**Q** 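The structure's right below; bear with me while I get my questions together.
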Amino acid sequence: MDVSVELDERPPPAVESIAYFIVAESLANMAKHSAATEASVTVIRDRRGVVVDVWDNGIGGAVIVPGGGLAGLADRAATIDGVLVLHSPMGGPTIVRAELPCEW
């Protein structure tokens with residue numbers, strides 16, 4: 001697994017906590033459901049805030065369903081006006097992206 005974090009400083013605690021849960025839950029879903037053999041996590045700062053990408057080379061087909069773990073992550077991101085974007089076509093790969101606005 002590859003991990004890349006490109007932040008000049010730590011984000012505010014709420015953003016950091018949400019980013020942590022998004023990475024943890026995405027990797028847990030990958031381990032349980034995707035049959036992936038590779039994964040990566042990338043965290044960068046852009047002009048609007050923090051962008052978190054979690055990628056795997058698994059079988060794809062992940063969907064956001066009410067009451068599911070990915071819906072919970074989307075709800076968590078929304079608490080700070082962030083968004084969770086899922087791209088997971090059948091056959092893979094899967095990318096979970098969180099765009100978390102913040103100011104330092």
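This structure is a prediction, so every number in the text was calculated from the model and none was measured. Index from 1, following the sequence.
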**Q** Quick one: pull up CD in Glu99 and CZ in Arg48 and give me the separation to the nearest 0.5 Å.
**A**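 Answer rounded to 0.5 Å: 5.5 Å.
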
**Q** Taking all non-hydrogen atoms of both residues into account, name the closest pair between Leu73 and Phe21 and its distance.
**A**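 It is CD2-O, 3.7 Å.
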
**Q** Determine yes or no for a side-chain-to-main-chain donor-acceptor pair under 3.5 angstrom, with Asp2 supplying the side chain and Ser40 the backbone.
**A**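 Not a single qualifying donor-acceptor pair exists.
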
**Q** Tell me every residue that passes side-chain hydrogen bond (donor to acceptor under 3.5 Å, both in side chains) with Thr79, counting only those two or more places apart in sequence or in another chain.
**A**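 side-chain hydrogen bond (donor to acceptor under 3.5 Å, both in side chains) list for Thr79, sorted by chain: empty.
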
**Q** Considering non-hydrogen atoms only, spot the tightest contact between Ala39 and Met30 and give its length.
**A**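 Between these two residues, the closest heavy atoms are CB-SD, 3.3 Å.
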
**Q** Looking only at heavy atoms, what is the nearest atom pair of Pro101 and Asp81, with distance?
**A**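 Taking Pro101 first and Asp81 second, the nearest heavy atoms are CG-O, 3.5 Å.
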
**Q** Does one hydrophobic cluster hold both Val52 and Val5, with members joined at side-chain heavy-atom distances below 4.5 Å?
**A**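 Val52 clusters together with Val5.
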
**Q** Tell me, do His87 and Arg97 make a side-chain contact under 4.5 Å, heavy atoms counted?
**A**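 Contact flag for His87/Arg97 side chains = no.
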
**Q** Return yes if some donor-acceptor pair links the side-chain N/O of Ser34 with the main-chain N/O of Gly58 below 3.5 Å, else return no.
**A**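 No, Ser34 side chain to Gly58 backbone: no donor-acceptor pair under 3.5 Å.
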
**Q** Any side-chain to backbone donor/acceptor pair from Asp53 onto Thr42? Under 3.5 Å, distance only.
**A**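 Not a single qualifying donor-acceptor pair exists.
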
**Q** If hydrophobic clusters are built by linking Ile, Leu, Val, Met, Phe, Trp and Tyr wherever their side-chain heavy atoms come under 4.5 Å apart, do Trp55 and Leu70 end up in the same one?
**A**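 Not linked; separate clusters.
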
**Q** Mind running side chain to side chain contact (heavy atoms under 4.5 Å, CB included) on Leu86 and Thr94 for me, showing each step along the way?
**A** CA-CA 7 Å; Leu86 174 67; Thr94 295; 3.9 Å; yes

**Q** Can you check whether Leu27 reaches Met1 side chain to side chain, under 4.5 Å on heavy atoms?
**A**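 Yes, close enough: below the 4.5 Å cut-off.
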
**Q** Please find the pair of heavy atoms, one from Arg45 and one from Glu9, that lie closest to each other, and give the distance.
**A**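 Where Arg45 meets Glu9 most closely, the heavy atoms are NH1-OE2, 4.2 Å.
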
**Q** Hey, are the side chains of Cys102 and Ile80 touching, using non-hydrogen atoms and a 4.5 Å cut-off?
**A**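 Result no, sub-4.5 Å side-chain heavy-atom pair not found.
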
**Q** Answer with yes or no whether the hydrophobic clustering places Val3 together with Val43; edges join I, L, V, M, F, W, Y residues whose side-chain heavy atoms lie under 4.5 Å apart.
**A**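 Yes, Val3 and Val43 fall within the same hydrophobic cluster.
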
**Q** Testing the basics here: between Ile44 and Leu7, what is the closest heavy-atom pair and its distance to 0.1 Å?
**A**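 Of all heavy-atom pairs spanning Ile44 and Leu7, the closest is C-CD2, 3.7 Å.
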
**Q** Hey, any chance Ile64 and Val83 share a hydrophobic cluster, counting ILVMFWY side chains that come within less than 4.5 Å of each other, even indirectly?
**A**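 The answer is no; the residues belong to distinct hydrophobic clusters.
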
**Q** Between Ser17 (side chain) and Pro13 (backbone), is there a donor-acceptor pair under 3.5 Å?
**A**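 Not confirmed, Ser17 side chain does not pair with Pro13 backbone.
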
**Q** Check the pair Glu25 / Val96 against side chain to side chain contact (heavy atoms under 4.5 Å, CB included), numbers first and verdict last.
**A** CA-CA 10 Å; Glu25 180 71 17; Val96 176; over 6 Å; no

**Q** Looking only at heavy atoms, what is the nearest atom pair of Ser88 and Ala62, with distance?
**A**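 Taking every non-hydrogen atom into account, OG-N, 2.9 Å.
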
